[in-house]
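Notes follow the structure.
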Amino acid sequence: GIEADGAAGESLPATGYYWLGDGESRLLVDGGAPGPAHLPGHTHNDGLSVLFWADGRRLLTDTGTYDYTAGQRREDARGVAAHNTVQYGDVEPMPVGGSYLLGRRIDPSARRTSCDGVELFDGRYRREGAPSYSHRRRIYHAEDWWLVWDAVDATDAAPVTSRLHVAPGVTVEHADGSRFDLLPAEEAPPLASIVPLGPVDATVATSRYFPEFRRAQSRPKLSLRTEGRSVGCGFLLSTDTPRSVRLDRDGDGLAGVTVDGTHRRLPLSP
């Protein structure tokens with residue numbers, strides 16, 4: 001089920017989409033149910049995925065749809081690896097195939113709240129059947145940063161990959177430490193930065209973007225990979241260029257974060 005706290009305009013609970021932040025820099029997260037039950041071919045594995053704008057410019061994008069003909073482009077566009085979310089092993093949360101086939105659907109739950117000036121989105125789902133696993137994504141927002149924290153629990157250990165697909169025309173540059181800066185094509189300061197958190201290996205590659213029907217472009221992709229049976233990992237997304245990020249862990253969640261020496265207590269959720 002979908003629940004939401006907060007003022008009108010901050011969330012769109014009837015659609016399952018939630019905004020964190022306002023103005024020209026904000027993040028949109030998909031906490032809703034999969035696409036219409038009577039139209040399985042239009043359902044993508046985009047559960048708990050995010051999109052992001054900084055200063056009015058798109059930085060993290062969806063993949064889109066190339067066409068509706070059965071083939072690799074069609075399956076790739078519907079697959080979890082094409083979205084800004086987490087994948088367990090090489091498993092699809094909902095099996096897809098051909099042009100319109102869809103297996104057992106996930107049933108996500110989500111809520112949005114705030115405390116002490118920090119917004120919190122808390123969403124989760126469980127994949128039933130073999131292999132089964134659960135994915136919980138908490139997103140915290142305050143000032144100029146968004147902290148995304150993922151917890152994955154499964155019966156067996158496997159790679160866990162969080163992918164971030166960056167808009168065409170934006171460059172991903174490995175800066176000091178573990179920080180990755182997102183830069184426009186022209187010479188300019190970074191539009192935003194991403195700091196991987198947790199025991200992850202970060203790699204930059206490319207992926208395909210379908211801005212309109214039957215048109216494909218290349219774009220950067222940042223992948224954060226770890227492995228285990230019960231793992232927690234994530235990233236800080238900031239419109240500043242943070243030099244240091246430290247987390248206070250609380251079970252599979254977080255109790256606090258310190259960004260460049262400024263500590264914020266984070267809302268706890270059951």
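The same ILVMFWY cluster, assembled from side-chain heavy atoms under 4.5 Å apart, contains both L191 and V148.
For R163, the side-chain contact (heavy atoms from CB on, under 4.5 Å) criterion is met by A81, Q87, T161, H165, K221, S223, not counting sequence neighbours. Evaluation of the ring-ring contact (aromatic ring centres under 6.0 Å, His included) rule for F235 yields no partner, not counting sequence neighbours. A search for side-chain contact (heavy atoms from CB on, under 4.5 Å) contacts involving L222 returns L164, F180, I194, A202, V204, L224, not counting sequence neighbours. D30 meets the salt bridge (charged side-chain N to carboxylate O under 4.0 Å, His left out) test with no other residue; sequence neighbours excluded. Among residues two or more places apart in sequence or in another chain, the salt bridge (charged side-chain N to carboxylate O under 4.0 Å, His left out) test is passed with D116 by R265. Contacts of H135 classified as ring-ring contact (aromatic ring centres under 6.0 Å, His included), with partners at least two apart in sequence or in another chain: Y125. The ring-ring contact (aromatic ring centres under 6.0 Å, His included) check on Y209 picks up nothing, with sequence neighbours excluded.
Contact record, E227 with P159: CG-N, 3.8 Å, taken as the closest heavy-atom pair. Minimum heavy-atom separation, S218 to P168: O-CB, 3.9 Å. In terms of heavy-atom proximity, A77 sits nearest to G64 at CB-O, 3.5 Å. Heavy atoms only, all atoms of each residue included: H83 and D62 are closest at CD2-OD1, 3.0 Å. Residues A82 and D76 come closest through the heavy atom pair CB-O, 3.1 Å. Heavy atoms only, all atoms of each residue included: S25 and A54 are closest at OG-CA, 3.6 Å.
At least one side-chain heavy atom of V29 sits less than 4.5 Å from a side-chain heavy atom of L20. At a threshold of 4.5 Å between non-hydrogen side-chain atoms, the residues R219 and V166 do not count as touching.
Separation of atoms CD (E212) and OH (Y66) is listed at 11.0 Å; rounding is to 0.5 Å. Atoms OG and OH, on S230 and Y133 in that order, are 14.5 Å from each other to the nearest 0.5 Å. Interatomic distance, L182 CG to L60 CG, rounded to the nearest 0.5 Å: 7.0 Å. With rounding to the nearest 0.5 Å, the separation of CZ in R111 from OG1 in T113 is 5.0 Å. The OG1 atom of T85 sits 14.5 Å away from atom NE2 of H44, with the distance rounded to the nearest 0.5 Å. Interatomic distance, R215 CZ to R208 CZ, rounded to the nearest 0.5 Å: 15.0 Å.
Applying the salt bridge (Lys or Arg N to Asp or Glu O under 4.0 Å) test to pairs two or more places apart or on separate chains, those with a residue in residues 121-135 are D122-R124, D122-R136, R126-E128. Pairs engaging residues 236-245 under the side-chain hydrogen bond (donor to acceptor under 3.5 Å, both in side chains) rule: none recorded [sequence neighbours left out]. Residue pairs meeting the side-chain hydrogen bond (donor to acceptor under 3.5 Å, both in side chains) criterion with at least one partner in residues 245-257, sequence neighbours excluded, are R138-D252, R246-D248, R246-T258, D248-H263. For residues 188-203, the side-chain hydrogen bond (donor to acceptor under 3.5 Å, both in side chains) pairs, not counting sequence neighbours, are D181-S193.
Not a single donor-acceptor pair under 3.5 Å links the side chain of Q217 to the backbone N or O of P211. Between the side chain of H141 and the backbone N or O of D144 there is no donor-acceptor pair closer than 3.5 Å. Of the possible donor and acceptor atoms, one in the side chain of N84 sits under 3.5 Å from a partner among the backbone N and O of T61.
Remark: R264 CZ is packed, more than 12 non-hydrogen atoms of other residues, nucleotides or ligands lying under 6.0 Å away.
Comment: R73 does not engage D67 in a salt bridge, judged by the lack of any side-chain N to carboxylate O separation of less than 4.0 angstrom.
Taking the ring centre of F121 as origin, the terminal cationic atom of R112 falls outside the region bounded by 6.0 Å and 45° from the ring axis.
Between F52 and W146, the ring planes are perpendicular. Angles over 60° get that label, and only those under 30° would be called parallel.
Through direct or relayed side-chain contacts under 4.5 Å between Ile, Leu, Val, Met, Phe, Trp and Tyr, L266 connects to V118, L120, Y140, W145, L147, W149, V195, L197, L236, V245, L247, L254, V257, V259.
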